[in-house]
Structures are given as structure tokens and as C-alpha cells.
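The analysis underlying the following values was restricted to heavy atoms, covering all of them including side chains, and did not include hydrogens, waters or symmetry mates.
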Amino acid sequence: MQKIFKGFIICLIFCCVCLFTNAVKAANTYFVWDKTVIDVPVFSSLEEYKDDYKLKFYINGVQSSDYYVEYETNCSTFSTVLTNKVGKYTVYYKAYSKNNNISSEQAIVFNVIDITAPMINLGNDIVEIEVGSSIDKKLFSVTDDTCSGNEITIDINDSNVIYNAIGTYQAMITATDLYNNKKSYFFTVKVVDKTKPRINILKPLVFDFEEEVDVNSYFECIDNYDNNITDLLVIEGLDTQVLGKKEIILSVSDYSGNETVLVLEVLVADKGSPELALILDEITLDITC
């Protein structure tokens, strides 16, 4: 009986020593997960990023590589990480040191992000607009790898452009997607005048025979940029020395070279009343009965 009791005491002491030793080892052996969120550019291969976590293993304060890492633990799988869609996805990793009988499981978050700025497409670096108008955003084609057109914010800095004055100016367009990726593009704004002047007919084109025509009383030439340019009007074929109907050609060009030409039919008429003139001041009549 004493031998059995002594054997029990020895076993108990041995177990206590083992437990104490393991407790000391566990207290001085640990894992530190330094990086558990991994940024993955959208449309990238997950294989290139799945090892970007940072893990350290310490034994008695000394860093050790005596461990291995197992992927897709806790019923998680890489197949749930959609690298073609912006979002956050979780896969569990487990670190284990067999020699030290210690393990650590950690959720690794794959943050699929968009880091690409939108593309601004313009046929050339010069945008021509009519004087008095403004820049239309539809002149620019903006595309993005993850955002649709209505999800892209377009801002145009046109503070240097004088829209009502012909000239060449500098401007800048900035496109921003939903993830605050921005692209800026400098371009030239050329304000031009391509609008032809307008010729207004103020009254019926019936001229008096031998009339000295007052152009401003019959015609008015208005330009969108140069305003009243009636003094630049050229009239061909108008001859008031000849009675009857005839064609005349009206042409006017503004200072930007825009020309308007009209072919009109006019009438030259004798609008004056006939006059009776006496040759002698005194007329003698010889009346015979």
C-alpha cells in the first residue's frame, strides 16, 4: 500500500512539474499579427497578395520562425474574395508551432480597392466654342474601370475663359470617381465666331425712279458679335435710273469673315405725279363769232 501511495505521489509531482513547465512556455511563447488587412487593387490576382500579411512569433522574447501558417481555416475560402468587385472579404488563417504546442487563428481582411483614376478622352487639346456660349461637358468622354458615367464627377475650371470675347484661353477638367481617384487634364479653349450676320429688310423694296437710296432706311445688318454692321453691306445690281423689276444681290461679312448673301427682287417705279408747266406767262385767245 505504501508503494502504491509513493507511486501516486511521484506521478502527481511529475504532472505538476509538466503543467508548470508548459505554463511557463505558453507564457513566454506567443504570436503577434502585425498586419491583418491587405489592400488588393481591383482586377488583380489574389495569388499576388494572399501572403502580404505580417506575423511574428516569439519564444522567450526572441523572434523565431519555428511555425507554419495554414490558409482557409474556420470554414473560410479564398473563393469568396471577389477581386473584380470593390469590397471587404474575410479569410481565416491559422499559425501553429508544433514544437512549442501553440497556435493562433486570425481573420485576414482582403480590402479590394479601386486605385485607378478615370480616363479623360478628348480628340485634341483644343476645344472650340462659339462666342457667347459655354463649355459643354459632353465634349469630353470620361471612362473608369469600376464606375459608370453617372458615378463620375466632372469639374471644369474655366475661370480664365472670357466667353463673350474671341480669343484663346487655358482651362482644366477634373474627373473624380466614387473612390476619390482623380484625374486632371489641361486643355485650350478657343472662343470663335462662326455665326453669319443677319440681314433685316425694314420696308418694302420699292424704289423711286432716280432715287438716291438711303441704305439704312431699307436694310439692317446685325451680327452676334460685331452688333450693327450695316455700313459693311454691299449692294449689287441696284440701278434706280431704270424702271421695272430687277434682282439685286446683298452681301455682308462680319470681322470674323462670316458672310451672308441674299438675292432679292426689287421694283424701281415712277412714284411722282406728272407736272404741268406753262411756256408763256400770258396766253391770248382769238375768238371769232
Side-chain angles (χ1 to χ4, degrees), residues 39-45 48 83-87 111-202 215-216 219-236 249-263:
D39 288 337
V40 180
V42 65
F43 304 119
S44 298
S45 170
E48 299 177 11
T83 58
N84 63 343
K85 185 177 181 180
V86 174
N111 186 28
V112 180
I113 58 175
D114 179 6
I115 60 173
T116 305
M119 293 290 295
I120 302 174
N121 305 305
L122 181 64
N124 53 59
D125 293 335
I126 300 177
V127 174
E128 273 195 7
I129 61 172
E130 183 69 18
V131 62
S133 63
S134 58
I135 299 173
D136 189 348
K137 294 180 180 179
K138 294 180 180 179
L139 294 171
F140 303 90
S141 173
V142 180
T143 58
D144 188 68
D145 57 349
T146 60
C147 300
S148 60
N150 59 1
E151 293 175 322
I152 301 173
T153 302
I154 299 176
D155 294 310
I156 295 179
N157 184 348
D158 57 354
S159 58
N160 294 323
V161 182
I162 304 175
Y163 287 107
N164 60 354
I166 294 174
T168 302
Y169 310 92
Q170 291 296 311
M172 182 178 70
I173 179 173
T174 300
T176 308
D177 66 16
L178 288 177
Y179 307 102
N180 206 37
N181 299 303
K182 296 182 179 181
K183 177 68 175 181
S184 293
Y185 185 85
F186 287 94
F187 62 97
T188 299
V189 179
K190 189 175 183 181
V191 179
V192 298
D193 175 18
K194 291 188 176 182
T195 302
K196 294 182 179 182
R198 184 178 70 254
I199 301 175
N200 297 324
I201 310 302
L202 302 180
V215 174
N216 290 282
F219 308 103
E220 181 184 54
C221 301
I222 301 298
D223 183 64
N224 66 313
Y225 185 69
D226 300 313
N227 299 317
N228 193 316
I229 55 171
T230 307
D231 57 331
L232 301 179
L233 179 66
V234 176
I235 304 176
E236 297 179 36
I249 300 174
L250 304 179
S251 61
V252 63
S253 296
D254 63 18
Y255 293 104
S256 296
N258 302 301
E259 183 182 31
T260 297
V261 177
L262 290 181
V263 178

Do Gln170 and Thr188 have side-chain heavy atoms sitting under 4.5 Å apart?
yes

Quick one, Asn181 and Thr116 - any side-chain contact, counting heavy atoms below 4.5 Å?
no

From Ile135 atom CD1 to Tyr163 atom OH, the distance as rounded to the nearest 0.5 Å
3.5 Å

Side chain to side chain contact (heavy atoms under 4.5 Å, CB included) between Phe219 and Leu202, intermediate numbers included
CA-CA 6 Å; Phe219 308 103; Leu202 302 180; 5.8 Å; no

Atom pair CG/CG of Asp226 and Leu232 - distance to nearest 0.5 Å:
8.0 Å

Using the benzene-type ring in the case of Trp, are the ring centres of Phe140 and Tyr185 under 6.0 Å apart?
no

CG (Asp155) and NZ (Lys137) are apart, to the nearest 0.5 Å, by 6.0 Å

Is it true that, when you exclude Met119 itself, more than 12 heavy atoms of the residues, nucleotides or ligands shown sit nearer than 6.0 Å to its CE?
no

Taking all atoms of both residues into account, what is the closest heavy-atom pair of Val161 and Ala171, and its distance?
CG2-CB, 4.3 Å

Does some side-chain heavy atom of Tyr225 sit less than 4.5 Å from a side-chain heavy atom of Asp254?
no

Do any N or O atoms from the side chain of Thr260 and from the backbone of Pro197 form a donor-acceptor pair under 3.5 angstrom?
yes

Are the side chains of Ser44 and Thr83 in touch, meaning some heavy atoms are under 4.5 Å apart?
no

Donor-acceptor contact below 3.5 Å, side chain Glu259 vs main chain Ser251:
no

Minimum side-chain heavy-atom gap Val191-Ile162 below 4.5 Å:
no

Drop me the distance from Thr153's OG1 to Asn180's CG, to the nearest 0.5 angstrom.
9.5 Å

Quick one: do the Tyr255 and Asp223 side chains pair a donor with an acceptor below 3.5 Å?
no

Taken to the nearest 0.5 Å, the spacing of Lys182 NZ from Thr176 OG1 works out to 5.0 Å

Do Asn228 and Thr230 meet the criterion of a side-chain donor-acceptor pair at a distance under 3.5 Å?
yes

Does any non-hydrogen side-chain atom of Asn258 lie less than 4.5 Å from one of Thr195?
no

For Ser148 and Glu151, does a side-chain donor sit closer than 3.5 Å to a side-chain acceptor?
yes

Kindly compute the distance separating CD (Glu220) from CD1 (Ile229), expressed to the nearest 0.5 Å.
11.0 Å

Would you say Asp158 and Val189 make side-chain contact, with heavy atoms under 4.5 Å?
no

